[in-house]
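All chains are named by letter (A, B, ...) in the order of the sequence lines, taking the proteins before the strands, and each is independently numbered beginning at 1. Fair warning: this is a prediction, and the values are worked out from it, not measured in the lab.
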Amino acid sequence: MSTVFIALQTNDDTRPIIGAILEDNPHARLNEQPAMVKIDAEGRLVVRRSSIEERIGRDFDLQELHINLISLSGNIDESDDELTLSWGA
Amino acid sequence: MDMQVAKKKLGLKERYQVMTRGLDWTPSYQKMEDIYPYAAYEGIKIHDWDKWEDPFRLTMDAYWKYQAEKERKLYAIIDAYAQNNGHLNVTDARYLNAVKLFLTGISPLEYMAHRGFAHVGRQFPGAGPRVACLMQSLDEIRHAQTQIHSLSNYNKYYNGFHDFRHMLERVWYLSVPRSFFDDAVTAGPFEFMVAIGFSFEYVLTNLLFVPFVSGAAYNGDMGTMTFGFSAQSDEARHMTLGLEVIKFILEQDPDNLPIVQRWIDKWTWRGYRVLTLVGMMMDYMLPKRIMSWKEAWEVYFEENGGALFKDLARYGIRPPKWLDQISFGRAYRIPAGCLVGRRSTRWNEGPFSS
Ligand SMILES: [Fe+2]
Ligand SMILES: [Fe+2]
């Protein structure tokens with residue numbers, strides 16, 4: 001199984017996002033680096049709008065992720081509710 | 001009294017359709033071949049452009065909104081850094097060599113990428129990739145401008161920042177990045193996409209921005225950190241465009257495979273030679289280091305690129321040629337300036353090319 005990842009800037013906007021990702025993906029590993037975090041996960045990683053909204057207490061548009069996104073890997077699929085990263089192989 | 005019913009907002013997928021395909025039309029008084037003269041000559045066969053979709057489903061209206069937000073954040077930090085005399089707080093003066101290398105070797109390529117994507121965005125017959133290329137073209141000019149703008153603060157206090165564009169055409173080691181992009185923009189639109197969108201953005205760009213920019217942050221250079229991460233936030237979209245275009249081309253016609261494979265081999269090798277500049281910065285120019293070039297290579301090329309090529313194997317794609325040579329280079333840390341004496345010292349040929 002290959003690893004997918006998402007990397008985000010470390011700041012106040014991303015803290016609840018990172019928390020939500022880690023909670024929704026128990027198999028994910030947090031990798032902290034200067035000014036950024038990289039979250040690695042085997043095979044698949046999902047970012048859920050509802051989990052982020054629960055933490056920040058307001059509506060969240062998943063496209064807001066682009067503001068603090070540094071990088072990612074894997075095949076992407078985005079809907080109104082979820083952003084999924086996955087490798088087929 | 002009538003109830004006011006709020007008009008239902010379109011979902012992401014419908015909005016994407018409306019704002020890409022919905023804005024396109026089929027011309028009736030000019031032939032498609034005349035409007036898109038570069039679409040066929042490279043031998044790539046496309047049967048249905050509508051099959052291409054941006055998986056982020058970003059539309060121009062949302063694009064402007066989020067890009068404006070990125071710029072606001074960026075300029076707040078750049079201003080604070082300049083106002084605070086932040087340049088006095090970098091770890092060591094020699095760190096600035098890394099920034100000079102970036103400004104002369106990388107920022108002009110951002111501008112070339114802007115030009116390239118403007119061209120390709122005009123030439124692809126499909127509305128989906130055209131919109132994505134338009135966004136990337138705007139991103140890339142933003143990268144060039146914000147880099148020049150951020151680094152102009154250093155130009156007030158230190159030598160060597162004043163004439164980067166001129167340097168690109170005259171300093172010998174900069175012939176590597178320069179020829180890379182000059183060749184890419186003079187290729188056809190599909191080769192350009194494989195060269196820049198895929199081989200450079202997807203396979204190699206993480207190596208440029210992620211460890212280097214994190215290293216800039218670690219060395220107190222908030223200017224570079226903020227333009228770097230701001231640019232990199234667009235890269236996720238660029239990488240996705242590159243990957244989706246490759247998958248799309250391969251799915252459209254089996255005849256496309258050998259052409260695409262050849263381009264991947266060629267451009268991964270050439271991109272690797274450009275990135276030796278980053279190897280140089282990371283291993284020799286960061287007073288406080290976050291990781292070596294070799295470690296960055298293992299994470300972002302071997303692990304991540306490995307996963308990518310495993311995924312693409314279903315289309316018949318194999319990993320790029322000359323990987324053994326690339327692995328040798330990174331294991332022994334051979335940056336651009338140290339290549340003399342190797343069998344292949346030219347940036348534009350593979351080690352085994354005849
Ligand atoms: Fe860029
Ligand atoms: Fe880019």
Backbone of B:Ser230 reached by a side-chain donor or acceptor of B:Arg142 within 3.5 Å: yes
Note: B:Arg21-B:Asp50 ion pair, threshold 4.0 Å (strictly below): yes
Distance-only side-chain donor-acceptor flag, B:Glu71 / B:Gln67, under 3.5 Å: no
Proximity breakdown for B:Tyr300 and chain A, heavy-atom pairs closer than 4.5 Å: side chain
Anything under 3.5 Å between a donor and an acceptor, one on a side chain of residues 40-47 of chain A, the other on a protein residue two or more places apart or in another chain? List them.
unit_1: A:Asp40; atom_1: OD1; unit_2: A:Lys38; atom_2: NZ; d: 2.7
unit_1: A:Glu42; atom_1: OE2; unit_2: A:Thr3; atom_2: OG1; d: 3.2

Side-chain donor-acceptor pair present, B:Lys288, B:Thr91, cut-off under 3.5 Å: no
B:Leu243, part contacting chain A, at a heavy-atom distance under 4.5 Å: side chain
Electrostatic pair B:Glu69-B:Lys73, nearest N-O below 4.0 angstrom: no
Closest contact, heavy atoms only, B:Leu241 versus B:Ala132: CD1-CB, 3.6 Å
Residue part contacting chain A, namely of B:Leu58, when any heavy atom lies under 4.5 Å: both
OG1 on B:Thr146 to OH on B:Tyr75, rounded to 0.5 Å: 6.0 Å
B:Tyr202 versus chain A, the contacting section by heavy-atom distance below 4.5 Å: side chain
Residues of residues 4-21 of chain A near chain B, each having a heavy atom less than 4.5 Å away: A:Phe5, A:Gln9, A:Asn11, A:Asp13
Student check: side-chain heavy atoms of B:Leu308 and B:Phe198 closer than 4.5 Å: yes
Aromatic plane relationship, B:Phe102 with B:Phe227 - under 30° parallel, 30 to 60° tilted, over 60° perpendicular: tilted
Chain B neighbours within residues 70-79 of chain A, where any heavy atom lies under 4.5 Å away: A:Ile70, A:Ser71, A:Leu72, A:Ser73, A:Gly74, A:Asn75, A:Ile76, A:Asp77, A:Glu78, A:Ser79
Heavy-atom check, side chain of B:Glu53 versus side chain of B:Gln17, under 4.5 Å: yes
Contacts with chain B made by residues 51-63 of chain A (heavy-atom distance under 4.5 Å), listed by residue number: A:Asp61, A:Gln63
Top of B:Ser233, B:Gly11, B:Ala236, B:Ala62 for chain A proximity - count of heavy-atom pairs under 4.5 angstrom: B:Ser233
Ring geometry between B:Phe117 and B:His238 (parallel below 30°, tilted from 30 to 60°, perpendicular above 60°): parallel
Any side-chain heavy-atom pair of B:Met291 and B:Ser214 under 4.5 Å: no
Pairwise distance CE(A:Met36) to CG(A:Leu69) - rounded to 0.5 angstrom: 10.5 Å
Which of B:Thr205, B:Asn304, B:Asp54 touches chain A most, by non-hydrogen pairs under 4.5 Å: B:Asn304
Cationic N near anionic O, under 4.0 Å, B:Glu251 to B:Lys247: no
ring-ring contact (aromatic ring centres under 6.0 Å, His included) partner of B:Tyr272, the single match among B:Phe200, B:Trp297, B:Trp293: B:Trp297
